Amino acid sequence: MHTSPEEAAWHSPVMAVDHVDLVRSGRLLLDQVSLVVRPGEHWALLGPNGAGKSTLLSLLGAQRHPTRGEVHVLGHRLGRVDLRELRRHIGHVDPRHPLRSSLTGRQVVLTGATGTIEPPPRWTPREDEETRAAHLMRVLGVERLGEARWPDLSQGERGRLLIARALMPAPRLLLLDEPATGLDVSAREQLLSGLDRLRGEQPALASVLVTHHLEELPATTTHALLLRGGQVVSSGPAEEVLTGKAVSTCFDHPIRIDRHDGRWVARAAPPAPPDLG
Ligand SMILES: Nc1ncnc2c1ncn2[C@@H]1O[C@H](COP(=O)(O)OP(=O)(O)OP(=O)(O)O)[C@@H](O)[C@H]1O
């Protein structure tokens, strides 16, 4: 049967991590981690402090090499490809965006087209870039912030603008490191519904979102990987992985998980009844 290049791209993994170890300063930070992310999949990377989530995300973002094992990102094996070139096809949202000047919201989003923090000198965006920036700002619900100045914006507003910025070059992969940390409930909900809308309108986009909190997972999350001490506790479709048993093991605490309208809620499990037998 004939397969078109579009169909082949749809089925080929966006990234594949195969039995990866990562050692730094003599410490094993990732221990035999494997993960395959396909187009249209939205992964949650969960685990306690120090589990290795950010370390794994930095591999997925082509920011470092594994010590052992293979990482393929967008069909390229890390170690055999120019990492800077590869990074241009990955939307990596850095919550500590190092912007110092007082750009407007629209200008910040447009710097996603040049991959720079400040607009390059004498650079003027093309009309299609302006149109895309406006569209992405609408999808993420920040269209009214086009003329607002970066230093005046709230953390939640900045976070959504940074996601729009990361999407400017139309990446196939979006990486989000704790995007809801520090947001109040309304800002968090606006962020999550923006992500749900985005995923609905870009069905081939794949994403990986790091968090400690199940409440911060968008309803469109399809898969989850639980990490503890650099090792995978469980990995696969979200409804199979996000169970009380696996999450309790991961966080080393008895936790009960409920799901309402597609969203997850975690709380301490009630103590087991005394054994009267
Ligand atoms: N360059 C390094 N050398 C040695 N240890 C490191 C290095 N970078 C990170 N670590 C350690 O690796 C472990 C995993 O760190 P990482 O930041 O990936 O965890 P995390 O799951 O993202 O944690 P958190 O939820 O607290 O952000 C931590 O114990 C950290 O101290």
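Excluded from the calculations below are hydrogen atoms, water molecules and symmetry mates; all remaining heavy atoms, backbone and side chain alike, are included. Treat the numbers as computed from the prediction; the structure is a model and nothing was measured. Throughout, residue positions are numbered sequentially from 1 according to the sequence presented. Just follow the structure's listing: the first ligand is 1, and inside any ligand the first atom is 1.
Partners of R199 by side chain to side chain donor-acceptor pair (under 3.5 Å), not counting sequence neighbours, listed by chain and number: H42, S207, T220.
Salt-bridge annotation for E189 and R263: present, with a side-chain N of the basic residue lying under 4.0 Å from a carboxylate O of the acidic one.
Taking all atoms of both residues into account, the shortest heavy-atom contact from Q107 to L103 is OE1-CA, 3.4 Å. Closest approach of L183 and P179 over heavy atoms only: CD1-O, 3.8 Å.
Residues lining ligand 1 at a heavy-atom distance below 4.0 Å are given as R24, S25, R27, L29, P48, N49, G50, A51, G52, K53, S54, T55, E178, H212, ordered by chain and residue number.
A donor-acceptor pair under 3.5 Å is absent between the side-chain atoms of K53 and the main chain of D177, judged by distance alone.
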Go through the steps to decide whether R165 and T111 satisfy the test side-chain hydrogen bond (donor to acceptor under 3.5 Å, both in side chains), and finish with yes or no.
CA-CA 7 Å; R165 175 183 180 274; T111 57; 2.8 Å; yes

